[in-house]
Amino acid sequence: MIVRKLHEAGVTSEHAYAAALGSVGLSLLSWVVSMKAEQAGIERADRWGIFVGEWAPTFFGLGLALAQYEGGAAGAAGDHRSAWFDRRAATAEAG
């Protein structure tokens, strides 16, 4: 349901992948900025880097879910089988 709503809102898997890669860069940037700008030490910088770095797996997961939904939307409605499965089934019927 969430993936369908995101897809209907115009969010694609490429957007999610770009956000994931951006969050990796932002994680490194936030760590460096925290080290230079704050006097709280490396522990605080590590927390900032880890906090932002934890966004990447979420965005990658959304990207995978959106890619799967996009692939299923191109085929029959409600049929989310992969192209590999379709080729295998066609080969079995022909043989």
Summary of salt bridge (Lys or Arg N to Asp or Glu O under 4.0 Å) pairs that have at least one residue in residues 49-63, sequence neighbours excluded
none
If you group Ile, Leu, Val, Met, Phe, Trp and Tyr by side-chain heavy-atom gaps below 4.5 Å, do Ile50 and Val52 land in one group?
no
Is there a path of hydrophobic side-chain contacts, each under 4.5 Å between heavy atoms, that joins Phe59 and Leu29?
yes
Hey, could you give me the OH/CG distance between Tyr69 and Leu62, rounded to the nearest 0.5 Å?
14.5 Å
Give a yes or no on whether Tyr17 and Leu21 share a hydrophobic cluster (residues Ile, Leu, Val, Met, Phe, Trp, Tyr; joining criterion: side-chain heavy atoms under 4.5 Å apart).
yes
Looking at every non-hydrogen atom in both residues, tell me the closest pair between Gly49 and Ser27 and how far apart they are.
O-OG, 2.6 Å
Quick check on the hydrophobic clustering: are Val33 and Phe51 connected, directly or via other members, by side-chain heavy-atom contacts under 4.5 Å?
yes
Donor-acceptor under 3.5 Å (Glu70 side chain, Thr12 main chain)
no
Taking all heavy atoms of Ala67 and all of Ser13, pick out the closest pair and write down the distance.
N-CB, 3.7 Å
Rounded distance (nearest 0.5 Å) linking atom CZ of Phe60 with atom OG of Ser23:
7.0 Å
Report yes if some heavy atom in the side chain of Trp55 is under 4.5 Å from a heavy atom in the side chain of Leu26; otherwise report no.
yes
